[in-house]
Student: 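If you scroll down you'll find the structure; I have some questions about it.
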Amino acid sequence: MYASTLPEENSATALSRYSYPAGHTTVHRLTDEDRDNVLRFLAARPAHTFGLAGFVRDNGLVSPHNRGTFYACRNPEGGLEGVALIGHFIVFEARSAEIIAAFARVAQQCVDAFLLIGEQEKVQAFWHDYAPGGQAVRLYGRELLMEMKSPAEVREAVPGLRLATMADLDVIVPAHAECGVIESGIDPLESDAEGFRARCARRIEMGKTWVWIEDGRLMFKVDVVSETPDVIYLEGVWVHSEERGKGYGSRCLSQLGREFLRRTGSVCILVNEKFKAAQMLYRKVGFTFISYYDTIFLKQKAH
């Protein structure tokens with residue numbers, strides 16, 4: 001690995017000053033004035049841009065809640081050809097290999113990225129240009145992007161399934177942390193307990209967390225990470241360890257799937273290729289495979 005040339009300061013702050021030439025295109029920071037233009041660009045491929053669209057819709061293009069900087073790549077006429085969020089997460093939508101390479105060069109200046117995620121072929125192209133000066137791999141995973149456009153047969157309803165309230169926060173936080181450990185190998189309650197709790201609370205306040213609680217015990221949880229007119233993206237599906245294998249997960253997901261599809265075109269979820277039981281659950285309730293995604297959890301560079 002080459003030594004970072006980034007000054008010793010917060011990488012998000014340093015990144016905000018960078019603008020890079022990229023062949024016949026330019027890479028530059030986005031502002032909230034670009035919001036509508038960016039959302040139109042992302043809407044061209046909604047099943048693959050849910051992450052970026054969710055950040056933009058929830059937080060705008062300039063917000064500490066994004067935990068990074070939004071960048072764009074434009075053609076000579078000024079039209080958008082690529083959008084990337086570079087910071088804690090590295091997520092991008094790009095229409096050419098040249099633009100992917102340009103974003104990779106910007107991302108090399110970030111020393112504290114946590115996760116690179118995207119369609120398998122695009123992440124591999126990004127990695128080719130990023131790896132010589134970027135962060136090293138800590139953990140690699142391959143994910144299946146699955147989509148529900150019509151739910152499976154109606155299952156027994158779960159009357160207690162509802163949006164979470166702040167009164168539920170104390171039971172939600174450890175469950176969501178468990179999901180994080182399973183996916184990343186890092187316990188967020190050890191690495192950033194205060195920030196993690198605040199992010200869980202914000203999801204609840206925004207009406208994004210669904211729960212089923214019986215007698216004070218959390219039975220089921222799922223989060224709506226992104227919602228657009230075209231797609232709702234879910235993560236953090238969790239069933240109490242003592243209640244797994246009883247059909248509770250499928251009942252809850254079927255019920256939510258029917259509700260969500262009344263207001264959007266499809267429901268999507270990512271599942272690690274190693275998690276066969278989870279894949280079976282999603283297929284059971286009506287999800288089908290779309291494509292493979294790569295997830296690369298990154299080692300932080302020394303500042």
Student: Looking at Val181 and Pro188, what are the two nearest heavy atoms and their distance?
Tutor: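 Looking at all heavy atoms of both residues, the closest pair is CG2-CD, 4.4 Å.
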Student: Drop me the distance from Tyr233's OH to Leu270's CG, to the nearest 0.5 angstrom.
Tutor: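 These two atoms lie 4.0 Å from each other.
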Student: Mind checking who shares a hydrophobic cluster with Val211, ILVMFWY linked at side-chain heavy-atom distances under 4.5 Å?
Tutor: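 ILVMFWY cluster around Val211 also holds Met166, Leu169, Val171, Ile172, Val173, Leu189, Phe196, Ile204, Ile213, Leu218, Trp238.
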Student: One pair to check against side chain to side chain contact (heavy atoms under 4.5 Å, CB included): Glu143 and Glu183. What are the steps and the verdict?
Tutor: CA-CA 11 Å; Glu143 310 279 330; Glu183 286 290 341; 3.7 Å; yes
Student: Look at Arg74 together with Asp34 and state whether they make a salt bridge at an N to O cut-off of under 4.0 Å.
Tutor: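 Between Asp34 and Arg74 there is a salt bridge, with a charged N closer than 4.0 Å to a carboxylate O.
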Student: So, Arg197 and Asp170, do they make that salt bridge, N to O below 4.0 Å?
Tutor: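 Salt bridge: yes.
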Student: Would you sort out whether Tyr292 and Glu121 count as a side chain to side chain contact (heavy atoms under 4.5 Å, CB included), showing the intermediate values?
Tutor: CA-CA 9 Å; Tyr292 286 111; Glu121 291 184 358; over 6 Å; no
Student: To check you understand the geometry: which heavy-atom pair defines the closest contact between Arg95 and Ala44, and what is its length?
Tutor: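 Result for this residue pair: NH2-CB, 3.9 Å.
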Student: To the nearest 0.5 angstrom, please state how far the OG1 atom of Thr31 sits from the CZ atom of Phe70.
Tutor: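 If I round to the nearest 0.5 Å, the distance is 12.5 Å.
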Student: If I take atom CG from residue Leu116 and atom CD from residue Gln135, how far apart are they, to the nearest 0.5 angstrom?
Tutor: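 Going from CG on Leu116 over to CD on Gln135, the span is 10.0 Å.
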Student: Please indicate whether Lys122 has more than 12 foreign heavy atoms, meaning atoms of other residues, nucleotides or ligands, lying under 6.0 Å from its NZ.
Tutor: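 Yes - once you tally the heavy atoms of other residues, nucleotides and ligands closer than 6.0 Å, there are more than 12.
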Student: Does a side-chain N-to-carboxylate-O contact under 4.0 Å join Glu178 and Lys221?
Tutor: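 Salt bridge absent between Glu178 and Lys221.
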Student: Would you compute the distance between atom CG of Leu42 and atom CG of Asn37 and round it to the nearest 0.5 angstrom?
Tutor: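 Rounded to the nearest 0.5 Å, the CG-CG separation comes to 9.5 Å.
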Student: With no hydrogens and no angle check, do the side chains of Asn59 and Arg202 hold a donor and an acceptor under 3.5 Å apart?
Tutor: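 There is such a pair between these side chains.
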Student: Calculate, to the nearest 0.5 Å, the distance between atoms CD and OG1 belonging to Glu93 and Thr49 respectively.
Tutor: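 These two atoms lie 6.0 Å from each other.
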Student: Using ring-ring contact (aromatic ring centres under 6.0 Å, His included) as the criterion, point out the one residue from Phe55, Phe297, Phe114 that pairs with His88.
Tutor: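 Only match with His88 under ring-ring contact (aromatic ring centres under 6.0 Å, His included): Phe114.
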Student: Nearest heavy-atom pair of Leu85 and Asn66: which atoms, and what distance?
Tutor: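 Heavy atoms of Leu85 and Asn66 come nearest at CD2-O, 3.9 Å.
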Student: If you count heavy atoms of other groups shown closer than 6.0 angstrom to CD of Glu273, is the number above 12?
Tutor: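 Yes, enclosed.
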Student: Give a yes-or-no answer on whether the side chains of Ser266 and Glu147 include a donor-acceptor pair shorter than 3.5 Å.
Tutor: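 Side-chain D/A pair, Ser266 to Glu147: present.
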Student: Salt bridge or not for Asp223 and Arg199, using N-O below 4.0 Å?
Tutor: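 Arg199 and Asp223: not salt-bridged.
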Student: Please list, chain by chain and in numerical order, all residues satisfying salt bridge (Lys or Arg N to Asp or Glu O under 4.0 Å) with Glu243, sequence neighbours excluded.
Tutor: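 Residues passing salt bridge (Lys or Arg N to Asp or Glu O under 4.0 Å) with Glu243: Arg217, Lys246.
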Student: Please test Asp168 against Arg162 for salt bridge (charged side-chain N to carboxylate O under 4.0 Å, His left out), starting from the C-alpha separation and ending with a verdict.
Tutor: CA-CA 11 Å; Asp168 305 315; Arg162 59 173 173 80; 2.8 Å; yes
